[in-house]
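Ligands are counted one by one from 1 in listed order, and the atoms in each one are counted from 1 as well. Treat the numbers as computed from the prediction; the structure is a model and nothing was measured. Throughout, numbering of the chain's residues begins at 1 and tracks the sequence.
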Amino acid sequence: MAIKFSTPTQNARILSVGAYRPPRVVPNSELVERIDSSDEWIQQRTGIQTRHWAAEDESVTDMAVKASRIAIERAGLTPQDIDTIIFATITYPYQTPSASTEVALQLEIKNAAAFDVGAACAGFSYSLGLANDMLRSGSAKYVLVIGAEKISDFLDLDDRATSFIFADGAGAVVVGPSDEVRIGATLSGSDVENRDAIAMIPSWTAYKPGSAITETAWPVIHQEGQKVFRWAVYEIAKVGKEVIASSGLTPADIAAFIPHQANERIIDSLAKSMDLPDSVVIARDIRTTGNTSAASIPLAMDALLAEHPELHGKNALLIGFGAGLVYAGQVVELPPQPK
Ligand code: UT7
């Protein structure tokens with residue numbers, strides 16, 4: 001007996017975006033002493049002026065719930081309409097149960113498919129691609145896609161390569177049915193030879209990812225900044241060009257560029273290498289938000305739409321890249337202005 005695939009296919013779009021930034025603003029001046037740095041150096045090398053850190057008692061899922069509530073309301077839906085929750089994060093401190101199920105519990109979403117995605121700074125773009133594919137295969141109707149991080153819990157404040165870069169926050173989008181294609185195909189991949197370039201490791205040991213953990217210690221994030229920088233600048237520009245072409249578009253059809261907010265110099269270099277016209281509005285949320293890994297693209301999307309309401313409904317190129325090293329990107333139509 002042949003297996004029948006009975007669910008109807010449907011196009012998808014981003015219906016709405018919501019964001020949550022914890023109230024505590026941390027200026028560079030608060031961090032520089034411990035790493036022998038300066039506000040000027042950090043701004044010149046990364047673009048970061050300030051970032052937000054969550055309060056001690058504010059969890060990554062608390063932040064995610066706040067961003068999700070906004071996204072769901074802006075979509076004109078209620079939490080009970082959501083049938084799938086995908087949560088991209090690297091800072092939820094439990095292997096299981098998942099962060100997505102905690103969001104379901106807090107928002108009283110019943111019977112939804114719920115799972116987490118661990119693709120670091122590319123996690124949001126991977127998850128958005130999955131949501132699109134789930135709608136296209138008919139296995140979901142309203143997907144809540146969350147990117148949220150509390151990286152301040154996993155920082156070594158004496159590490160010159162990370163302490164001033166990473167930050168906290170949450171962003172969420174609701175993906176739902178569309179009359180036309182409004183999310184292009186997701187291009188994703190990896191460069192696993194550079195797998196160790198960014199890693200969350202116990203702070204006291206030369207632990208190698210994949211080997212047995214014999215003793216426990218609180219993990220902190222490490223990175224080989226230059227290696228990641230070079231990879232991002234050379235490899236991700238090629239990915240971006242391919243993403244645009246695979247959507248049947250040219251750079252002239254793109255209104256906004258919302259890459260992962262890792263370093264403003266990487267953002268500038270990518271825009272140049274991809275020949276994006278000057279008319280393209282570039283997200284520079286990193287300046288006041290820092291690098292929030294999986295949260296950075298939805299946070300930057302929300303900030304860009306607040307600053308440029310004319311971009312609602314226009315095409316944007318999204319690209320996430322980071323630890324793994326992994327990447328994912330797609331062209332999307334930005335959500336309509338909320339009613
Ligand atoms: O989200 C995941 C993806 N992550 C990324 O994309 C991160 C990519 N990497 C970066 O953003 C950059 O590599 C960093 C911001 C981490 C570092 O900037 P850099 O321009 O690559 O610095 P560097 O390591 O090449 O060091 C340049 C100089 C050195 O001094 P000398 O040898 O030229 O005298 C360092 O000692 O800057 C010095 N330096 C610092 N000075 C003040 C390195 N770190 C610091 C610091 N403060 N924190």
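Close approach of ligand 1 to I266 (heavy-atom distance below 4.0 Å) involves ligand atoms 6 (O), 8 (C). Of all the atoms in ligand 1, the ones that sit under 4.0 Å from a non-hydrogen atom of Q223 are 4 (N), 5 (C), 7 (C), 16 (C). Listed by number with element, the atoms of ligand 1 under 4.0 angstrom from any heavy atom of I165 are 16 (C). For ligand 1, the atoms sitting less than 4.0 Å from at least one non-hydrogen atom of N291 are 1 (O), 2 (C), numbered in the order shown with element in parentheses. Per-residue contacts place T46 under 4.0 angstrom from the following atoms of ligand 1 (heavy atoms of the residue considered): 15 (C). Every atom of ligand 1 with a heavy atom of R45 under 4.0 Å away is listed here by number and element: 19 (P), 20 (O), 22 (O), 27 (C). The atoms of ligand 1 that sit less than 4.0 Å from any heavy atom of V228 are 3 (C), 4 (N), 5 (C), 6 (O). Short contacts between ligand 1 and F164, defined as distances under 4.0 Å to a heavy atom of the residue, involve ligand atoms 48 (N).
For atom 33 (O) of ligand 1, the nearest protein heavy atom is 4.0 Å or more away. Shown here, atom 41 (N) of ligand 1 is in close reach of the protein: a heavy atom of it lies under 4.0 Å off. The nearest protein heavy atom to atom 29 (C) of ligand 1 is not closer than 4.0 Å. Per-atom contact check: atom 6 (O) of ligand 1 touches the protein, criterion being a heavy-atom distance below 4.0 Å.
The environment of CD in E310 is crowded: more than 12 heavy-atom neighbours from other residues, nucleotides or ligands sit within 6.0 Å. Within a 6.0 Å radius of NZ in K272, other residues, nucleotides and ligands contribute 12 heavy atoms or fewer.
The OG atom of S152 sits 8.0 Å away from the CZ atom of R24 when rounded to the nearest 0.5 Å. For the atom pair OH (Y327) and CG (L187), the distance works out to 6.0 Å, reported to the nearest 0.5 Å.
A salt bridge links R21 with D285: the distance from a Lys NZ or Arg NE/NH1/NH2 to an Asp or Glu carboxylate oxygen falls below 4.0 Å. Checked for salt-bridge contact, D168 and K150 miss the test: no charged N lies under 4.0 Å from a carboxylate O. Using a cut-off of 4.0 Å between Lys/Arg side-chain N and Asp/Glu carboxylate O, R51 and E30 are scored as not salt-bridged. Between D302 and R74 a salt bridge is recorded (basic side-chain N to carboxylate O distance below 4.0 Å).
Between the side chains of T162 and Q223, not a single donor N or O lies within less than 3.5 Å of an accepting N or O.
If you check which protein heavy atom lies closest to atom 35 (C) of ligand 1, you get R160 NH1, 4.3 Å. Annotation: atom 38 (C) of ligand 1 to nearest protein heavy atom, W41 CZ2, 4.0 Å. The protein atom (non-hydrogen) at minimum distance from atom 23 (P) of ligand 1 is Q226 NE2, 3.6 Å.
By the criterion of a heavy-atom distance under 4.0 Å, neither the backbone nor the side chain of V32 is placed next to ligand 1. Counting heavy atoms under 4.0 Å from ligand 1, residue I42 does not touch it at all. For T162, no heavy-atom contact with ligand 1 is shorter than 4.0 Å.
Of all non-hydrogen atoms in R13 and E333, the two that sit nearest each other are NH2-OE2, 3.1 Å.
Taking the six-membered ring where tryptophan is involved, the planes of Y92 and F87 are tilted, since the angle between them lies from 30° to 60°.
Of the N or O atoms in I35, none lie within a sub-3.5 Å distance of an N or O in ligand 1.
Side-chain heavy-atom separations under 4.5 angstrom define the hydrophobic clusters, and the remaining members of the one that includes Y20 are M63.
At a 4.0 Å cut-off, at least one heavy atom of C121 sits close enough to ligand 1 to count as contact.
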